[in-house]
Protein chains: 2
Amino acid sequence: MPVTKVFPEDVDRKLTEVFTRFGYDGASMELLSQATGLKKASLYHRFPGGKKDMAAHVLKNLEIWFLENFQSVIEQENLPVQERLEKALLPINILFEDGARNCPLRMLSACSETPYFQEYIASCFAILNNGFTKIAFQNGMVESLANEKAMEAIINIQGSLVLSRAMSDNSIFKTSMARIPQLLGFK
Amino acid sequence: MPVTKVFPEDVDRKLTEVFTRFGYDGASMELLSQATGLKKASLYHRFPGGKKDMAAHVLKNLEIWFLENFQSVIEQENLPVQERLEKALLPINILFEDGARNCPLRMLSACSETPYFQEYIASCFAILNNGFTKIAFQNGMVESLANEKAMEAIINIQGSLVLSRAMSDNSIFKTSMARIPQLLGFK
DNA sequence: GTCTATAGCTTGATAGAC
DNA sequence: GTCTATCAAGCTATAGAC
């Protein structure tokens, strides 16, 4: 007999899904309840602070996800630089479903509770920035330029995702992702 | 004695402001009422379809704004190409307040009523795309590449705006805007 | 064209049984 | 830990006076 009827990791996945699809204000407790299969009172039992606790939890998980799936790959210094970059871009493509899925960071970065989340959001972007900078630097770029190009890479990811979703055209995202190695000094 | 107590252009400006700051779901009728100085019933008199009509109206105005402030400048073919680009980028900087203001297109492109807006959103992006493509093409770029670079320019605008707002750092947007001429083949 | 007043529903959140 | 039942507040939207 299980302690919980629903596994925490399943709840986390569903919460992320709803916040990413509908944004913070669009994600009602009713939607979150239906998606997770937990009644509202049960969600409050797990997240006493309510909706904003759930969103903060989602972002905390995302930060861990970036550390485990992106940063850790970047830091496999036994592998060639280009191979590390290519391996690190794969989970990014999965995260955004090749352009079909919105960015949870963006969807939670323009609402009334954003100040409550900002630390996590900034941390996720910092992981990406440090990772791309490291790759470009180890590829021979001077550090200031490497950092500039890393920012461009993140801008391309976010911008292309906005356009892909707004125009319902995943190819915009795919094209941008394919440009990143070149942007960081490869080929 | 005026026919209306509040000028339509002032209402439009305030509606745009609220939708841009809070997004569609975050922009309550109460907020829209307070911002415009019109009671809710008066807003329904002007926009019988309610909130979604107001948002659609905002986007319709934005399309006209892009035609008058961006496209018309691009098409001043008596001026040198580079000068036209520089003149066309000025209103873009104003629109986004040098990175301090969110993009209304983005803020209205991920909500439940987005299908209702998509036509206007796509039209605005098309105006930008056609404009940048024309500039790059007239600057000597082959058309397919010009179109690709135009997309990159829009991606840079949207992406840098996402990051500028998420990180509260307008310089990200400013740097990206400064890169656009270079992106389209100048210097 | 704008208002006050209000309907009717949905929201986020809580109490208390099991 | 999950549930049913419920609350007060907020929401979109409407009716009707001026």
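Small disclaimer: the values here were computed from a predicted structure and weren't measured.
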Chemist: Restricting to pairs with a member in residues 37-58 of chain A, which pass ring-ring contact (aromatic ring centres under 6.0 Å, His included), not counting sequence neighbours?
Modeler: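 Found Phe47(A)-His57(A).
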
Chemist: For Tyr24(B), does the six-membered ring have the charged nitrogen or CZ of Lys51(B) within the cation-pi criterion, i.e. under 6.0 angstrom from the centroid and within 45° of the normal?
Modeler: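 Lys51(B) over Tyr24(B) ring: yes.
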
Chemist: When the distance from CD of Glu113(A) to P of dT11(C) is rounded to whole Å, what number comes out?
Modeler: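 In whole Å, dT11(C) P and Glu113(A) CD are 17 Å from each other.
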
Chemist: Counting only non-hydrogen atoms, which of residues 38-56 of chain B are less than 4.0 Å from DNA chain D?
Modeler: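 Per residue number, the list reads Lys40(B), Ala41(B), Tyr44(B), Gly50(B), Lys51(B).
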
Chemist: State plainly whether the residues Lys40(B) and Glu30(B) are in salt-bridge range, i.e. N to O under 4.0 Å.
Modeler: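 Salt bridge: yes.
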
Chemist: Once you round to the nearest 0.5 Å, how far does CG of Asn130(A) lie from CG of Asn147(A)?
Modeler: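 Between atom CG of Asn130(A) and atom CG of Asn147(A) there are 8.0 Å.
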
Chemist: Could you verify whether a donor N or O on one side chain and an acceptor N or O on the other, from Thr16(B) and Arg13(B), lie under 3.5 Å apart?
Modeler: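 No, Arg13(B) and Thr16(B) have no side-chain donor paired with an acceptor closer than 3.5 Å.
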
Chemist: Would Glu152(A) and Arg179(A) pass as an ion pair if we require N to O under 4.0 Å?
Modeler: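 Salt bridge: no.
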
Chemist: In whole angstrom, give the distance that lies between atom CG of Leu32(B) and atom C1' of dA13(D).
Modeler: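 These atoms are roughly 14 Å apart.
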
Chemist: Send over the distance from Leu31(B) CG to dT11(C) P, rounded to a whole Å.
Modeler: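 Computing the Leu31(B):CG to dT11(C):P distance gives 18 Å.
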
Chemist: Please report, rounded to the nearest Å, how far the P atom of dA5(D) is from the CE atom of Met29(A).
Modeler: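 Atom-to-atom, Met29(A) to dA5(D), this comes out as 18 Å.
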
Chemist: Rounded to the nearest Å, what distance is computed from the CD atom of residue Gln34(A) to the P atom of nucleotide dC3(D)?
Modeler: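 Going from Gln34(A) (CD) to dC3(D) (P), I get 13 Å.
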
Chemist: Over how many whole Å does the gap from Glu30(B) atom CD to dT4(C) atom P extend?
Modeler: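 So the two atoms are 12 Å apart, to the nearest Å.
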
